[in-house]
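Written out below as structure tokens is the structure these notes cover.
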Amino acid sequence: MEWGKGMSAAARISGKVHKWLALLMAIQILFWFVSGLFFALVPIEWVRSEHMVAEAPAVAIRLDEAAAGLQRIASTNPRPGERIELRSMTGRPVALVTAAAARPRLYDLGTGRQLSPIPSALAVAIAERDHVGDDRAAGVELVTQASPEYRGALPAWRVDFQGNNAVSLYVASDTGAVAARRSTLWRTYDFLWSLHIMDFKNHEDFNTPLLIVATALALVMVITGIILFPSRLGYYAWRRRRRRAQQPAQ
């Protein structure tokens, strides 16, 4: 009988702890389940807008044209670089020169002229060529500070497109590369992610003290629920009735 009473007392204590923790954690647990279901149902490729990237076949650059272009760039007496990358941008060959201690520089191989930091008109042209469909750019804005929506290379041009999905492309000002794609779906995902990891400011730190405390409390709630489960099923009452029935009649 002492063993059964001890477990019954543990069940009573667990019931109180479980009830108050459930009241305290109910909203956050709801956020965890709703956001987790969203993450499981929505393909990450849709969130990243990978299906909205226009196909851009590689454009070959002849070696003699590349050499002549680099000579044009060298004639402007530019600062030295550690790496030179040749690429095609809006249908013309360009050279990206990078160095560890300086910002990247973008040059037009045809003229040798430095293109970076690129102007807004060029950023819009790059974004429209990269974006699939007939939507045109509806606005452009220079971004100079990182935010939860964009933490890539700065400065960058934010090019907003018309359409129900509110797509925005971020074009790095120094390289002309499309550094990020954002949409209503991505913003919904990011908002739910901030609720999931309980980083409501930057949406990226999943080691916050708030999350650690909430997870520990949720773990205690689960453990007390497990302890409480046999009592809720009537297991201890059934054991007491059985023991009484097995006792010899006086």
Would you say that Ser88 contacts Pro93 through its side chain, given a criterion of any heavy-atom pair below 4.5 Å between the two side chains?
no
Tell me, do Gln114 and Thr76 make a side-chain contact under 4.5 Å, heavy atoms counted?
no
State, with a plain yes or no, whether a side-chain heavy atom of Leu96 is found less than 4.5 Å away from one of Arg105.
no
Given side chains that start at C-beta, do those of Arg136 and His131 come closer than 4.5 Å, heavy atoms only?
no
Check whether any side-chain heavy atom of Met198 lies under 4.5 Å from a side-chain heavy atom of Phe206, and answer yes or no.
no
Indicate yes or no: at least one non-hydrogen side-chain atom of Met89 is less than 4.5 angstrom from one of Leu122.
yes
Under the criterion side chain to side chain contact (heavy atoms under 4.5 Å, CB included), I'd like the reasoning laid out for Thr215 against Ile212: C-alpha separation, chi angles, the key distance, then a yes or no.
CA-CA 5 Å; Thr215 306; Ile212 295 172; 5.9 Å; no
How long is the span from the CZ atom in Arg87 to the CG atom in Leu106, to the nearest 0.5 Å?
7.0 Å
Among Arg181, Glu149, Arg187, find the one that has a side chain to side chain donor-acceptor pair (under 3.5 Å) with Ser168.
Arg187
Looking at Lys201 and Asp199, is any side-chain nitrogen of the basic one under 4.0 Å from a carboxylate oxygen of the acidic one?
no
For a quick test of reading the model, state the closest non-hydrogen atom pair linking Leu195 to Phe200 and the distance between them.
CD2-CE2, 3.8 Å
Same apolar cluster: Val34 and Phe38, side chain cutoff 4.5 Å
no
Considering all heavy atoms, the nearest Phe161-Leu169 contact:
CE1-CD1, 4.0 Å
To check you understand the geometry: which heavy-atom pair defines the closest contact between Ile118 and Ala172, and what is its length?
CD1-O, 3.9 Å
Would you sort out whether Asp174 and Arg103 count as a salt bridge (charged side-chain N to carboxylate O under 4.0 Å, His left out), showing the intermediate values?
CA-CA 7 Å; Asp174 290 330; Arg103 290 168 56 175; 2.7 Å; yes
To the nearest 0.5 Å, how far apart are CG in Leu24 and NZ in Lys19?
13.5 Å
Assess whether atom CD of Gln71 is packed by more than 12 heavy atoms of other residues, nucleotides or ligands within 6.0 Å.
no
Distance from Leu192 atom CG to Ile197 atom CD1, nearest 0.5 Å?
11.5 Å
Would Val124 and Glu128 count as a side chain to side chain contact (heavy atoms under 4.5 Å, CB included) if you check the C-alpha gap in whole Å, the side-chain angles of each, and the deciding distance to 0.1 Å?
CA-CA 6 Å; Val124 169; Glu128 289 184 340; 3.9 Å; yes
Just how far is it from atom CD1 of Ile44 to atom CH2 of Trp186, taken to the nearest 0.5 Å?
10.5 Å
Asn202 side chain to Glu204 backbone, donor-acceptor under 3.5 Å:
no
Would you kindly confirm whether Leu185 and Met52 end up in one hydrophobic cluster when ILVMFWY residues are joined by side chain heavy atoms under 4.5 Å apart?
no
Inter-residue atom distance Glu141.CD - Tyr170.OH, 0.5 Å rounding
8.0 Å
Same cluster or not: Leu154 versus Val159, using hydrophobic residues (I, L, V, M, F, W, Y) connected whenever any side-chain heavy atoms lie under 4.5 Å apart?
no
Going hydrophobic residue to hydrophobic residue with side-chain gaps under 4.5 angstrom, can you get from Ile84 over to Val94?
no
Which is it for Arg92 and Asp108 under the side chain to side chain contact (heavy atoms under 4.5 Å, CB included) test, yes or no, and what are the steps along the way?
CA-CA 8 Å; Arg92 57 180 172 179; Asp108 188 327; 3.2 Å; yes
Is there a side-chain contact between Arg72 and Arg113 (heavy atoms, below 4.5 Å)?
no
Can you tell me if Leu23 has over 12 outside heavy atoms packed within less than 6.0 Å of its CG?
yes
Identify the two heavy atoms, one from Ser194 and one from Phe191, that lie closest to each other, and give their separation to 0.1 Å.
OG-O, 2.5 Å
Do Asp135 and Val167 have side-chain heavy atoms sitting under 4.5 Å apart?
no
What do you reckon, is CD1 of Ile27 surrounded by more than 12 foreign heavy atoms closer than 6.0 Å?
no
If I compare all heavy atoms of Pro78 with all of Tyr107, which pair ends up nearest, and what's the gap?
CB-OH, 3.4 Å
Nearest heavy atoms of Ser49 and Ser183, plus distance in Å
OG-OG, 3.7 Å
Evaluate the side chain to side chain contact (heavy atoms under 4.5 Å, CB included) criterion for residues Met221 and Trp20: first the C-alpha distance (whole Å), next the side-chain angles of each, then the deciding distance (0.1 Å), finally the verdict.
CA-CA 9 Å; Met221 189 181 72; Trp20 289 109; over 6 Å; no
Is there a path from Val171 to Tyr150 through hydrophobic residues (I, L, V, M, F, W, Y) whose side chains come within less than 4.5 Å of each other?
no
So does Ala127 get a backbone contact from the side chain of Trp157, meaning a donor-acceptor N/O pair under 3.5 Å?
no
Can you label the angle between the Phe39 ring and the His196 ring as parallel, tilted or perpendicular, going by 30° and 60°?
perpendicular
From Asn165 CG over to Thr184 OG1, what is the distance, rounded to the nearest 0.5 angstrom?
5.0 Å
